[in-house]
Number of protein chains: 2
Amino acid sequence: MARIQDVAKHAGVSVASVSRVLAGLPGVSDTTRERVMRSVDALGYRPDLAARRLRSRRTDTLGLIVSDIRNPFFMEVSRAVEDVAYANRLRVMLCNADEDPDKESFYLEMMRDENVAGVILSPTLPMLARYKSADYPFPMVLVDRCNSTVEADAVVLDNVDAAMRLTRHLIEAGQRKIAFFYGAGSATGQQRHDGYLAALAGAGLSPIAQALRPTVEEARVVARNFLERQKPLPDAIVASSGLILLGLVEALRDVGLRYPDDIALAGFDDMPWTRLVTPAITVVAQPTYEMGRAAIELLRARIQQPEQVVRRVVLRGELIVRESSSPRK
Amino acid sequence: MARIQDVAKHAGVSVASVSRVLAGLPGVSDTTRERVMRSVDALGYRPDLAARRLRSRRTDTLGLIVSDIRNPFFMEVSRAVEDVAYANRLRVMLCNADEDPDKESFYLEMMRDENVAGVILSPTLPMLARYKSADYPFPMVLVDRCNSTVEADAVVLDNVDAAMRLTRHLIEAGQRKIAFFYGAGSATGQQRHDGYLAALAGAGLSPIAQALRPTVEEARVVARNFLERQKPLPDAIVASSGLILLGLVEALRDVGLRYPDDIALAGFDDMPWTRLVTPAITVVAQPTYEMGRAAIELLRARIQQPEQVVRRVVLRGELIVRESSSPRK
DNA sequence: AAGCGCAACGTAATCGATTACAAGGAACAG
DNA sequence: CTGTTCCTTGTAATCGATTACGTTGCGCTT
């Protein structure tokens, strides 16, 4: 493996010059630059990242800690982050905290150890509750999950508004008893719950909320129990995420209920299957790719300008009405 | 930031002793070990990874380069890799090559620069064609995509067999003209194509194969054209991957055809939506999580024993028959 | 011609760990 | 009592880059 010394010798210059050329610094003559570049690819030289990082104290690496990698929402977000990072020759360490605060902490410590330039995080609720950006030695941008009390760069959906519009739509479709299945373990779930409550309150209706862990399996089991026990059935159920919605549809299948005839349905995340199933499902679509893109752009800006004012990008969900929320016949 | 020197001073020992304690090496007295540990957490010391890596020439980091992160198959594989890595305190760099050989090469170079301990890769076809493990300075395990001529640790499905069984099932269900939509840009797609051809040949039927890029959008467009042009329609279509299958179902929807009545359907990957849509879709399920687990276990073994014989794990797909492949009425 | 400024370049210190090697000391055998 | 062995510990070299600082030489001003 060629070292910088070998390149210097081969080019007949000092290691400092080689380093300067590679870093693109000024103060190098064109002829030297030329000679160095020639030697670099004559020897196939590649700088040793460990040495560079040790000395320079920089890494050009970003961390991305998502709370559930199986969730297509985070998939899309990751892809966007990846795309922008690739275009800017940045490395990304993608980690899956799995909604587990311990894993989340572990990965944040790992980011510290790795001395990353910055981190994009979708925090668990306990993490968000105690979050202070000063606790971390790197800039951090929150994505998908944040609340108004936290001082942090963040990219989120306007969850309250989105849930409110979705719920109102059901009310306007004539539904009265509307249940809400949500992941209580995330800020997002809670805010959507708030929006749901607000919409119901506005119409003088009373809520039936069901908190659960936000996985397909959990939603399926909880929903099955709910549907078997809850008599009379509500008119409609709203799911606070795509995974919960999926479990819900599976549960309906399990207990032999049909939507929207037996019970209307709506949820979040415009996953492909929501328009393939029959009847197709009414959802709020999130601008997932855009959220990821915004997150990494915010992070890059913060890295450039550490003292910049806190910025928050709030995006609007798009209500897509399909058959699952139709008025009962 | 405390350095190892500070710890040594605080504990009244040499840096060598601290290093030895932290590395868990023998040759340290219990009392010294005790004192060091106490100082370590009194000072909140964390070793500098860059320095450690520079000196030791090791990283405890694995690379995982998947060809399409939006594909739920690779999702599941990644999750399995992640889980095992987390349990063993290994870092994982997850990269998305996006079926693009340039991106793939870029990431492989990056892995070299990062001096990773090993890499798990689902190679593109050009990569697989020229693959020689000696070309890389780290151990590598292939996942999902491999062929019999390549000398490499690998974890794959028995693609030929799976496609054959799937096609045979359609034949037995009375279908005669069976089309095959496949991603010709991967070894997996090709092998499934081979299996399809073999099954048809066995029944004396002639093939109608359609190669395409393995994305939902592409499959949808190609299938739409195919369905509008191809007259008379085939009796059935088989998709070589979950994403293609999805595009296919969307295309049927687009042109107003019904399955299995107008045309039967089957494919790969048991994604949740395949059993939610009506009629539900016949598929070959892959043991995705198991494939990821096997891949990282193979890699860890190879890292431990670099000269071990080449190992290949071939897993069997499970045929799940649903309504989409039913005999025509 | 002396002095000054500036660009180009080189020398050597430095980042913070690991680890080869040497040395000190205790235990034990002869 | 001396020599050998083994266990523990410390000193200092080392990994391969970046970068502070000093030097050189050229051009220009006065």
Side-chain angles (χ1 to χ4, degrees), chain A residues 1-40 43-61 89 91 109-110 112-117 137, chain B residues 1-40 43-61 89 91 109-110 112-117 137:
Chain A
M1 216 54 181
R3 296 158 309 153
I4 198 171
Q5 304 229 15
D6 306 323
V7 177
K9 192 164 301 176
H10 186 273
V13 300
S14 73
V15 293
S17 294
V18 177
S19 179
R20 278 190 275 255
V21 170
L22 264 46
L25 293 175
V28 186
S29 71
D30 287 349
T31 64
T32 308
R33 190 178 306 278
E34 182 72 14
R35 296 166 62 84
V36 169
M37 291 312 281
R38 220 185 291 283
S39 299
V40 161
L43 300 181
Y45 168 74
R46 314 231 72 195
D48 185 296
L49 290 183
R52 169 179 294 190
R53 288 169 180 165
L54 170 59
R55 179 58 228 237
S56 72
R57 310 272 71 193
R58 284 179 279 101
T59 56
D60 291 352
T61 300
R89 302 281 121 144
R91 273 160 266 273
E109 295 228 322
M110 175 172 130
R112 193 176 77 138
D113 291 346
E114 292 280 353
N115 193 31
V116 294
Chain B
M1 217 53 181
R3 295 158 310 155
I4 198 172
Q5 304 228 16
D6 306 323
V7 177
K9 192 165 299 175
H10 186 273
V13 299
S14 74
V15 294
S17 294
V18 177
S19 179
R20 279 190 273 256
V21 169
L22 264 47
L25 293 175
V28 185
S29 70
D30 288 348
T31 64
T32 307
R33 190 177 305 277
E34 183 70 15
R35 296 167 61 84
V36 169
M37 291 312 280
R38 219 185 292 286
S39 300
V40 161
L43 300 181
Y45 168 75
R46 316 232 70 196
D48 185 298
L49 290 183
R52 169 179 293 190
R53 289 170 179 165
L54 171 57
R55 180 57 230 237
S56 71
R57 309 272 71 193
R58 283 180 280 101
T59 57
D60 291 352
T61 299
R89 304 280 121 147
R91 273 159 266 272
E109 294 228 322
M110 175 172 129
R112 193 176 77 137
D113 291 346
E114 291 281 352
N115 193 29
V116 295

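The chains referred to below are lettered A, B, ... by the order of the sequence lines, with proteins before strands, and numbering in each begins at 1.
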Peer 1: Would you call B:K9-B:D6 a salt bridge at under 4.0 Å N-O?
Peer 2: no

Peer 1: Output yes when A:R91 and B:D113 qualify as a salt bridge under the 4.0 Å nitrogen-oxygen rule, no when they do not.
Peer 2: no

Peer 1: Any chance you could list the contact pattern along nucleotides 14-19 of chain D? Use B for base contacts, S for sugar-phosphate-only contacts and - for none, protein heavy atoms under 4.0 Å, 5' to 3'.
Peer 2: BBBBBB

Peer 1: So, for A:P137 and A:R112, which heavy atoms are closest and what is the spacing to 0.1 Å?
Peer 2: CG-CG, 3.5 Å

Peer 1: Is any side-chain N of the basic residue among B:R53 and B:E114 closer than 4.0 Å to the acidic one's carboxylate O?
Peer 2: no

Peer 1: Before accepting this row, confirm whether a basic side-chain N of the pair A:R57/B:D48 lies closer than 4.0 Å to the acidic partner's carboxylate O.
Peer 2: yes

